[in-house]
Q: 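What follows is a structure written as structure tokens; I'll ask about it next.
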Amino acid sequence: MPSVQITGTGQLLELSRRLKTAGGPRLRANLARRIRRAAEPMHRDLQQSITGLQITSQSRRAGKRGGPSPTTRPLRAGIAAAIRISVRTGANPGARVWVDPSRLPSGVTMGVVARLNEGRLRHPVFGNDSRWVQQNAAPGWWTKTAARHTPRMRAEVERVLNDVRNSLT
């Protein structure tokens, strides 16, 4: 699963150097806070996108057993909780919205997250390797949401950089 990163190697690096020489930890904290705020709408939308994702499966045949899942581990809520924002103001400054693999529920890998983004998840039935099922979802919960937010986020970070640059000169 690719992460979304807003970086501008030239402008952000030059601004980072100027922040260091200006010696302003308060200014650096302000920059980080404003860049984080620019990424928060994408973060929220990605969480809403995965929690609202409808996952369907093949219908059960007549006479087959079925019913609600015996597990209490909600997949979509666990993935939503693993979506993070990282802001850097040091050597490689920028913002990144990503899925943290260490925060995913146990048994859920980045491959599961990527397959959900593709719209097709194939898995064994309750861990039984001899019986597999396929579940479908609308593809692009991550890519479409990120593509929709990236131009706004990039413009907002650019505006923040211009404000900070003007305050340094």
Side-chain angles (χ1 to χ4, degrees), residues 1-8 12 29-90 92-160:
M1 172 71 55
S3 63
V4 180
Q5 298 183 39
I6 303 297
T7 58
L12 286 172
N30 184 32
L31 172 66
R33 185 181 72 250
R34 290 181 68 189
I35 290 175
R36 178 174 292 280
R37 280 192 188 150
E40 284 172 353
M42 179 190 289
H43 180 252
R44 272 192 309 272
D45 250 15
L46 284 168
Q47 287 179 323
Q48 289 173 352
S49 180
I50 187 64
T51 55
L53 186 67
Q54 294 296 318
I55 301 174
T56 60
S57 61
Q58 302 158 350
S59 60
R60 294 189 176 104
R61 291 180 219 119
K64 294 291 181 179
R65 293 182 181 175
S69 171
T71 67
T72 57
R73 298 173 303 177
L75 173 68
R76 292 169 289 197
I79 294 172
I83 299 173
R84 312 278 292 162
I85 301 174
S86 296
V87 176
R88 296 172 312 279
T89 58
N92 188 18
R96 178 179 173 211
V97 180
W98 56 294
V99 176
D100 185 355
S102 68
R103 294 181 64 111
L104 286 171
S106 64
V108 177
T109 64
M110 289 300 290
V112 170
V113 177
R115 296 298 88 69
L116 277 175
N117 187 50
E118 293 170 4
R120 182 181 143 196
L121 179 62
R122 199 169 136 67
H123 62 90
V125 177
F126 300 117
N128 180 357
D129 287 338
S130 64
R131 179 155 177 171
W132 288 69
V133 294
Q134 176 178 315
Q135 292 184 291
N136 301 308
W141 72 268
W142 178 274
T143 51
K144 289 178 182 176
T145 305
R148 190 172 64 245
H149 280 277
T150 300
R152 182 209 49 81
M153 188 173 157
R154 192 177 305 272
E156 181 67 19
V157 169
E158 181 71 31
R159 188 177 68 76
V160 167

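A quick note: this is a predicted structure, and the numbers were derived from the prediction, not measured. All values below were derived from every heavy atom in this structure, side-chain atoms included, with hydrogens, water molecules and symmetry-related copies excluded.
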Q: Asp100: which residues meet the side-chain contact (heavy atoms from CB on, under 4.5 Å) condition with it, sequence neighbours left out?
A: Arg84, Trp98, Ser102, Arg103
Q: Measuring from Arg96:CZ to Ile35:CD1, what's the distance to the nearest 0.5 Å?
A: 15.0 Å
Q: State, yes or no, whether a side-chain contact exists between Arg33 and Asn30 at a heavy-atom distance under 4.5 Å.
A: yes
Q: List the atom of Pro124, the atom of Asn128, and the distance in Å for their closest heavy-atom pair.
A: CB-O, 3.3 Å
Q: When the side chains of residues 37-46 are checked against the rest of the protein, which donor-acceptor pairs come out under 3.5 Å, sequence neighbours left out?
A:
| residue | atom | partner | partner atom | Å |
| --- | --- | --- | --- | --- |
| His43 | NE2 | Ile83 | O | 2.8 |
| Asp45 | OD2 | Arg148 | NH2 | 3.2 |
| Asp45 | OD2 | His149 | NE2 | 2.6 |

Q: Between atom CZ of Arg120 and atom CD of Gln135, what is the distance when rounded to the nearest 0.5 Å?
A: 12.0 Å
Q: Minimum heavy-atom separation for His123 to Trp132, with atom names?
A: C-CE3, 3.3 Å
Q: Does some side-chain heavy atom of Leu104 sit less than 4.5 Å from a side-chain heavy atom of Thr109?
A: no
Q: Distance from Glu158 atom CD to Met153 atom CE, nearest 0.5 Å?
A: 13.5 Å
Q: Show me, pair by pair, the donor-acceptor contacts under 3.5 angstrom made by side chains of residues 48-56, not counting sequence neighbours?
A:
| residue | atom | partner | partner atom | Å |
| --- | --- | --- | --- | --- |
| Ser49 | OG | Trp141 | O | 3.2 |
| Thr51 | OG1 | Gln47 | O | 3.0 |
| Thr51 | OG1 | Gln48 | O | 3.2 |
| Thr56 | OG1 | Asn136 | O | 3.3 |

